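Step one of this worksheet: look at the structure below.
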Protein chains: 2
Amino acid sequence: MNPFATHFESLEEFADRVSELLQCPITIEDANHRLIAYSGHEHYTDPARTATIIHRRVPERVINSLWREGVIPKLLQSEEPVRVAEISEVGLGNRIAISIWKNKEVLGFIWAIEMNEPWTEQQFHLLKQAAKAAKNLLLQLQIRKHKKEERIQEFFWKLLTGHVSSPHDIVEQCHQLNVHVYPFFSVGIFQFQQQIQTQVERQIDYLLKTTQQLAIPLYTIDHQRLIVLVAPSSNVYGESHIERFFRSFMTQMKERFRVDIMMGAFGNVYECYTKIAKSYEEAQTVLKMKRAFPHQLANIQSYQHLGMYQFFDLLFEQKRHGDFHNVALEKLKQYDAQHHTNLVETIETYLDCDSNVNETAKTLNIHPNTLAYRLKRISEIGNIDLSNMSEKVKLYIDMKLDKYRTT
Amino acid sequence: MNPFATHFESLEEFADRVSELLQCPITIEDANHRLIAYSGHEHYTDPARTATIIHRRVPERVINSLWREGVIPKLLQSEEPVRVAEISEVGLGNRIAISIWKNKEVLGFIWAIEMNEPWTEQQFHLLKQAAKAAKNLLLQLQIRKHKKEERIQEFFWKLLTGHVSSPHDIVEQCHQLNVHVYPFFSVGIFQFQQQIQTQVERQIDYLLKTTQQLAIPLYTIDHQRLIVLVAPSSNVYGESHIERFFRSFMTQMKERFRVDIMMGAFGNVYECYTKIAKSYEEAQTVLKMKRAFPHQLANIQSYQHLGMYQFFDLLFEQKRHGDFHNVALEKLKQYDAQHHTNLVETIETYLDCDSNVNETAKTLNIHPNTLAYRLKRISEIGNIDLSNMSEKVKLYIDMKLDKYRTT
DNA sequence: CAAGCTTTTGTGGATTTCCACAAAAGCTAT
DNA sequence: ATAGCTTTTGTGGAAATCCACAAAAGCTTG
């Protein structure tokens with residue numbers, strides 16, 4: 001006979017029942033480690049569980065430890081209970097965990113704290129029965145959520161495309177949809193190697209829901225791209241917070257799920273939600289420029305650090321009208337062609353290296369004096385004053401615009 | 001009785017007549033030292049005269065000497081003959097010169113070579129009579145010229161404003177108007193201190209017509225501006241030729257006529273005459289930028305050397321839409337305001353000085369180590385990588401755009 | 001006013017840059 | 001092939017830069 005074959009009013013009631021039967025504290029989480037229910041009996045509770053209950057989610061460091069220890073991969077692979085040894089650094093006592101399945105998808109987890117004695121076969125069997133019973137309860141939750149999700153998605157796309165009304169209305173709608181409004185935000189994009197499949201969607205959802213580095217009130221998936229609204233807790237070090245989150249998201253996708261993300265990018269941080277479309281545009285610009293200048297912008301993620309490449313679409317448009325043709329550059333190109341020299345490459349590398357002689361010489365594999373000689377020739381042939389910032393800027397931009405054209 | 005009170009078929013006939021009476025070679029020039037007529041009798045002729053006749057104009061170095069010796073100023077002041085001592089460097093022998101007047105305007109000059117003996121009173125008297133007689137002959141030339149001038153002016157304005165047809169038609173029209181077509185050209189503008197008066201117009205005409213550094217097929221005057229079409233002889237060192245001409249024109253206007261020119265500027269050198277409007281626009285851009293950045297661009301005249309300022313109108317337009325706001329710069333400004341520091345000024349000067357520490361420190365009157373410290377703070381506070389060209393460019397442009405806004 | 005912070009200036013030494021000069025290597029055209 | 005050019009590499013010394021460390025001066029705050 002199944003002890004869970006009755007009707008439960010709520011998941012809490014269910015958790016309490018499991019706790020009674022197993023004689024230990026029980027915590028039920030969804031697939032993203034958000035707290036769904038927990039037993040209320042007076043038992044010993046480790047610090048990790050306390051923190052989980054207080055914040056209504058498992059602390060990120062605990063999740064990270066569980067990944068590192070291989071616990072979560074195991075849970076995601078089998079329906080069997082997993083024994084977890086104490087991880088004292090994160091306040092986690094001895095645990096038994098089991099995943100809740102529906103078809104081939106994990107809906108959530110049940111965690112039990114292993115009290116003094118080791119579990120009996122009987123207890124393990126009970127836990128497995130509990131996991132089966134939890135499935136139906138969780139499914140009901142899921143359905144309710146999915147409906148809301150769809151409305152939120154639509155709302156987010158409206159924000160991204162600028163089809164929005166007043167800031168006040170936006171906040172109003174957020175409240176209706178139960179989307180938290182943060183004081184600062186930025187729009188980010190992750191470009192994946194391939195079209196994002198359903199399984200990867202779940203993995204993305206998992207990572208985004210479990211991260212606590214910053215809030216992600218909204219996100220959506222579009223072909224090969226994941227678009228997120230990120231909200232750093234403060235804007236003082238906002239940029240670097242986002243940077244760090246982006247890097248860790250990408251490494252985690254790779255390490256945990258073997259999913260490659262080509263690149264990530266995000267726009268400026270704004271306060272008013274009407275600027276979401278703008279931040280989105282900026283993020284798209286970053287991606288575009290990273291594609292055109294993969295080497296230069298390999299380590300750049302933010303629009304803020306795009307530097308002069310921010311201007312490029314605009315300048316390029318103008319250049320196509322035939323403006324800005326650079327006589328100096330043309331002369332250098334001509335000279336290169338006629339004399340089989342590398343003056344253009346030289347000056348470009350030199351400027352890439354921030355006018356650093358040694359670095360440039362190393363990059364080009366030439367003697368520093370050779371570089372000096374070439375620079376002298378460049379300034380003669382192109383009639384350029386290489387100690388004039390404005391001229392250098394012009395030349396640099398024109399060279400990069402040239403490259404941009406060929407992509 | 002006046003020996004010139006007869007009708008002369010041509011100016012040549014007149015010159016021969018004068019030559020006969022004075023027993024010496026005679027040359028008649030217009031007010032711009034262009035050859036109008038010369039006597040053909042076999043007399044001794046100095047190299048300066050030979051060159052004048054061959055090139056149909058007085059060589060520029062001869063003109064310059066005559067100015068330097070004070071000969072021409074004297075001629076422009078009085079109707080009396082002026083004795084000119086030999087200037088052997090330019091091949092000029094002993095001469096007697098007199099100016100030809102109409103009301104208060106000089107129409108031209110008569111030059112006589114003083115042969116072996118010094119002139120008698122009688123000869124001077126004859127020369128004065130000749131100058132009076134020449135007046136009417138020159139006037140007829142003038143009238144014919146004026147009419148043509150007007151049609152040329154109209155044509156030039158059409159070219160400048162882009163109201164032109166095909167390149168072929170332009171060349172056609174040039175031929176009709178007797179305007180020489182050169183393979184390369186650029187449009188230049190001189191900005192005068194004040195509205196250009198008739199007298200100054202003549203002085204401009206004089207300098208433009210006498211210069212031989214480069215050809216000036218067309219020019220026009222508009223309020224405080226003189227607009228010239230300049231044609232360097234070759235485009236190899238075209239830019240520098242034009243530069244030199246601009247400088248010398250401005251110094252000569254000042255030294256010879258006490259007329260101040262605020263600044264000069266010229267556009268790119270093109271080959272096709274349909275690009276005149278473009279070159280003109282570029283020259284206007286240079287003037288505009290020189291007004292906005294008088295210090296930085298004090299020594300810049302050409303569009304080519306405007307460097308990054310070429311972009312500024314375009315970028316500024318975009319910036320007004322609220323794009324490109326620079327968080328780093330805002331943070332620095334904020335820090336400056338709160339802590340009474342000069343970080344923005346420091347970084348701007350540093351970039352102005354092409355990242356040269358010593359020069360910057362001297363300019364700012366601070367210790368080099370102070371500068372180093374400030375730069376460190378700047379990169380911390382603004383989250384800027386000062387060894388990244390692209391970021392430097394962005395910051396530099398944003399700072400200059402800020403300045404541009406306030407002008 | 002004392003403590004703690006930021007900012008300025010100083011010192012010294014390793015490293016880099018700049019410059020002049022020269023040798024060697026490579027290319028081109030007669 | 002040779003002469004004349006450009007280009008590369010080398011040497012050495014003066015000047016500038018970079019860096020670490022420290023003292024002093026200036027500001028802010030309790």
Side-chain angles (χ1 to χ4, degrees), chain A residues 234 236-237 328-389 391-393 395-396, chain B residues 234 236-237 328-389 391-393 395-396:
Chain A
S234 91
V236 183
Y237 298 107
L329 186 52
E330 278 157 22
K331 280 189 184 155
L332 291 178
K333 278 186 197 167
Q334 193 186 326
Y335 193 92
D336 273 353
Q338 280 178 3
H339 300 80
H340 312 294
T341 46
N342 311 304
L343 298 187
V344 173
E345 187 199 2
T346 303
I347 184 64
E348 184 172 357
T349 310
Y350 178 67
L351 293 177
D352 276 339
C353 296
D354 190 43
S355 307
N356 183 311
V357 174
N358 261 336
E359 198 182 333
T360 313
K362 266 175 206 151
T363 310
L364 292 172
N365 287 315
I366 56 173
H367 194 278
N369 284 0
T370 305
L371 178 60
Y373 171 74
R374 287 193 191 167
L375 290 176
K376 191 169 71 79
R377 295 289 288 142
I378 285 166
S379 73
E380 284 167 7
I381 292 165
N383 187 18
I384 309 166
D385 178 4
L386 281 179
S387 63
N388 178 321
M389 182 68 179
E391 289 208 26
K392 270 165 47 164
V393 167
L395 184 62
Y396 193 53
Chain B
S234 90
V236 183
Y237 298 106
L329 185 53
E330 278 157 21
K331 279 188 185 156
L332 291 179
K333 278 186 194 165
Q334 192 187 328
Y335 193 92
D336 273 352
Q338 280 178 4
H339 300 81
H340 313 293
T341 45
N342 310 306
L343 299 186
V344 174
E345 187 199 2
T346 303
I347 184 64
E348 186 173 357
T349 311
Y350 177 67
L351 293 178
D352 276 339
C353 296
D354 189 43
S355 309
N356 181 311
V357 174
N358 260 336
E359 197 183 333
T360 312
K362 265 174 207 151
T363 311
L364 291 173
N365 286 316
I366 56 174
H367 193 279
N369 283 0
T370 306
L371 177 60
Y373 171 75
R374 285 193 192 168
L375 290 176
K376 191 170 70 84
R377 294 290 288 143
I378 286 165
S379 72
E380 285 167 5
I381 292 164
N383 187 21
I384 308 165
D385 177 4
L386 281 180
S387 63
N388 178 320
M389 183 67 179
E391 288 208 25
K392 269 163 53 163
V393 167
L395 184 62
Y396 193 52

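Fair warning: this is a prediction, and the values are worked out from it, not measured in the lab. These values consider heavy atoms only, across backbone and side chains, with no hydrogens, waters or symmetry-generated copies. In what follows, every chain begins at residue 1, and chains take the letters A, B, ... in the order their sequences are listed.
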Rounding to an integer number of Å, can you tell me how far [X] [atom1] sits from [N] [atom2]?
X	N	atom1	atom2	value
B:Y335	C:dC5	OH	P	13 Å
A:K376	C:dC19	NZ	C1'	11 Å
A:D354	C:dT17	CG	C1'	14 Å
B:E359	C:dC18	CD	P	13 Å
B:I381	C:dT6	CD1	C1'	10 Å
A:L371	C:dT17	CG	C1'	11 Å
A:Y373	C:dA20	OH	C1'	15 Å
A:Q338	D:dC5	CD	C1'	15 Å

Among the nucleotides [options], which one has an atom lying closest to any side-chain atom of [X]?
X	options	answer
A:H367	D:dA16, D:dT9, C:dT9	D:dT9
A:V357	D:dT8, C:dC18, C:dT7	C:dC18
B:N369	D:dA20, D:dT6, C:dA20	D:dA20
B:N358	D:dC19, D:dT17, D:dT7	D:dT17

May I ask you to test the A:T370-A:L364 pair for a side-chain heavy-atom distance under 4.5 Å? no
Within the structure provided, determine whether A:T341 and A:R377 are in side-chain contact (heavy-atom separation under 4.5 Å). no
Under 3.5 Å, is there a donor-acceptor pair between the side chain of B:E391 and the main chain of B:D385? yes
Looking at [X], I'd like to know whether one of its side-chain N or O atoms comes within less than 4.0 Å of OP1 or OP2 on [N].
X	N	value
A:T370	D:dT9	yes
A:R374	D:dT8	yes
A:R377	D:dT7	yes

Strictly below 4.0 Å, N to O, side chains only: are A:E330 and A:K333 in salt-bridge contact? no
When only distance counts, do a donor and an acceptor, one from the side chain of A:N356 and one from the base of D:dT17, lie under 3.5 Å apart? no
My understanding is that only one of B:I347, B:L343, B:T349 makes a side chain to side chain contact (heavy atoms under 4.5 Å, CB included) with B:E345; could you say which? B:T349
